[in-house]
Amino acid sequence: MKRVRLKPAESSDSVNTSSDAAVRSLLAGLNSEQRKAVEHQNGPLLILAGAGSGKTRALTFRIAHLITRGVKPWNILALTFTNKAAAEMRERIARLVGDDAAFKIWAGTFHSIFARILRREADKLGYTSSFSIHDSEDSLNLIKLIMTNLGISQQEHTPQAVRSAISSAKNSMTPWEEYSRNADSIFEKQTGLVYKEYEQNLKRSNAMDFDDLLINIIRLFEAFPAVLDNYRERFQHVLVDEYQDTNKPQYRAVQLLAWKHRNLCVVGDDAQSIYRWRGADIENILTFEADFKDATVVRLERNYRSTKRILAAANDVIVNNRRQLKKELWTENDDGDPIYQRRCRDEREEASSVVDVIRENKREHGLKYSDCAVLYRINAQSQVLEDALRSAGVPYRIVGGISFYRRKEVKDVLAYLKLLVNPSDSESLLRVINEPARGIGKTTLGRLTRFAQEQNLSVFEACNNVEHVPHLQKRARTAIQEFARFVRTYIDQLNNLPAHELARAYIDESKLLSYYAEAGGEENLDRWNNVQRVISHIAEFTEARPDAGLAEYLQEVALVDDTEQMVDADDVVTLMTMHGAKGLEFPVVCVVGMEKGLFPLSRAEQQPDELEEERRLFYVAITRAEQRVYLSHCERRYRFGELSYPMPSGFLDEIRPELVEKLGIGRQRDLGALSGNFRAARPGDGVRRKPKEETLFNDIPANEDESYSQLPPEESGGRAKIRPGMRVGHSSFGEGQVLRVAGSGDGQRAIVRFKSVGEKTLLLKYAKLQVLG
DNA sequence: CTCAAGTCTCCGAAC
DNA sequence: GAGACTTGAG
């Protein structure tokens, strides 16, 4: 975020004179195919770029070339999938044409560019320009809430499953009406109901989820031709990186935008399509030539990155996939080292072997830490590696995983701020209204949200009218009033105070900081620090962009992934998922956890399509490497806190043996027989069953709370007199008889014998007993 | 209502 | 094995 600033002021110097020469000399450094891609004038262009074939180079030079040919930077739109890729692209263009021009290009992720446009045009779709962006956690929380309200069991259908069904419906541009109409199974019918509520809820909250950022652009363009025309006019050249990973809405949006000028340049490699799971449609690249009959196709097949052996190994792997565009990668690089393969006893040994590999490369080959990357399939694998590196004193950074912005306390601060900017954002309000505890508990919130729903108000509006909400305890009412007053005070200040001052005062008054300060303990100290960091971050942000306020800040952080955070980290080893590694390169790459069930993941093994995607992922991993690849697998590994004994990944066998050198404990003993027995002794690992009770309660109607809803606790007000001998009802213990009453005032207790759980002593102040019959 | 302790779920990748 | 969620006592 910061890196972009600072420079422009000092180097607005010689945009054109020097860049002309620069581009000319750069053209000289390109091979004939790359040059073709760069010099192609108008009309659709498909660049099929194999791994390491200088794809980014072709793309950035192309943009630079357009600019020197007189295309205005702000007429160029360059879409990428990650912020990292966008930043890198901009940086490289800046080197060619200067910061000034580079900065005026519309370059960014699909989500961030579209969010920018939507913010400008928000009113046309019935949002305000300060709409909130819900991340996947927010969405999940909302879905849970809706499921609870609708009385849909979360045991049967997990909220995650519902969310992903909704998300893929949205990604295939199926609105809830249509989804519900076509719903067959119970799951789909229920999901349809949730889907409807979910969409309406987002709309009411003036919020969009990630999928909306794509879909709403299409809705906008289709419903407002004049708006579309405006952007078509603006974006005379549209370039898309990683085109193989576009999903349906992205594809459609690009088509719409590029239709007029037809200056659409897409770059991709079908062999590196690894985002099918989030709706990427590999057909988009496979059919580009059919979509645009006059498309020029350029193939970049010369690899500049890897050794011959690495390339051969990658090829051995990818040929096992059926559908591919024809492409033959070749290189004039050295043969290089073999592919190293190591069998380890467990993941700790694996981690320490990674440390050895890194040290060895540093020592023997003069490489730096930053030349090494460790790649894994799932984020959970990072921890063991982290421990090993830390205790060996090897500096590292972890990309992705639990990012700063996903920490609880950080999300709390952001939710506070979102509420300020967009008071309709009920999701954020519910998140913070009792954080830290203000005596506004679950029951109160239930009543409050119910009221809001019935009156068709946002929850914040309901708070502002708390005197009309029925059944509230006096205390809760006061607490809500106080909270609403507190938030309103700062909403009034929104335009008066600089963003970071406002944020500081606001968060201070929220007592979030003092809560962490007083709670003590190391964890709370961390949290305190993180909250402070967010506030300083806002200060930095507004310093860099004086025109921007809190709304802009929130927009920005909603769409950053952590990969950007430590861009300037010095000489450190990089740890990340294979997905995260796409587009990067390293002299040394270690891929850990090459085991069945982990890579490929067990659920992919049965399904050919998914298996092929895993294979492409492996292809991506291998082709990140310039000089050496180390593949390792373990004989045993902890998963879900349990030991498992996985087989080596089938992918290992796909590399022809001549390319491979085996290392490690596998050498010393005849492991064939030994490990075979080892495994045979433990059949069926990794298979987990759902808890048993499912069958026990099958005949009980879905709504277990029936008895509860017949006896709304509100009606008692907790003030009825309880006497020995009375029959009473309790919300969780059910029916019982009062044996004795003791104490007085707040301390008054009743001893009750319940049918279900026997004798209990209850404080009358808290236990809301119903007098029965 | 709140907090602590116990239980369950999770670990598929990211904008 | 950690974090999210549930349960139970004050």
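First the proteins, then the strands, lettered A, B, ... as listed; each starts at 1.
The base of B:dC15 sits within donor-acceptor range of the side chain of A:Ser136, with an N or O pair under 3.5 Å.
Using bins of under 30°, 30° to 60° and over 60° for the plane-to-plane angle, the ring pair A:Phe599/A:Phe618 lands in the perpendicular bin.
A sub-4.0 Å separation between OP1 or OP2 of B:dT9 and a side-chain N or O of A:Thr158 is absent. Checking the phosphate oxygens (OP1, OP2) of B:dA14, no side-chain nitrogen or oxygen of A:Thr82 falls inside 4.0 Å.
A distance cut-off of 5.5 Å between ring centres, combined with a plane angle under 30°, places A:Trp277 in a stacking arrangement with the base of B:dA13. We find that the ring of A:Phe81 and the base of B:dC15 do not stack by the test of centres under 5.5 angstrom and planes tilted less than 30°.
Whole-Å rounding puts the A:Leu643 CG to C:dG1 C1' distance at 12 Å. B:dC10 atom C1' lies 14 Å from atom CG of A:Leu601, rounded to whole Å. Taking atom CD of A:Glu137 as the reference point, atom P of C:dC5 lies 9 Å away to the nearest angstrom. One atom, CG of A:Leu598, and another, C1' of B:dC11, lie 9 Å apart when rounded to the nearest Å.
Summary of the strand contacts: A:Thr109 and A:Ala476 both lie near DNA chain B, and taking for each the nucleotide with the nearest heavy atom, the more 5' one is attributed to A:Ala476.
Side-chain proximity of A:His579 to B:dT2, B:dC15, B:dA13: nearest is B:dA13. Comparing B:dA13, B:dC10, B:dC15 by their closest approach to the side chain of A:Ile378 singles out B:dA13. Of the candidate nucleotides C:dA4, B:dG12, B:dC11, C:dA4 has the atom nearest to the side chain of A:Lys144.
Using a 4.0 Å heavy-atom distance criterion, A:Ile274 is classed as making no nucleic acid contact. Within 4.0 Å of A:Thr444, counting heavy atoms only, lie sugar-phosphate atoms of the nucleic acid but no base atom. A:Asn434 comes within 4.0 angstrom of the backbone, heavy atoms only, and of no base.
Look at the C1' atom in both B:dG12 and C:dC5: the space between them is 22 Å, to the nearest Å.
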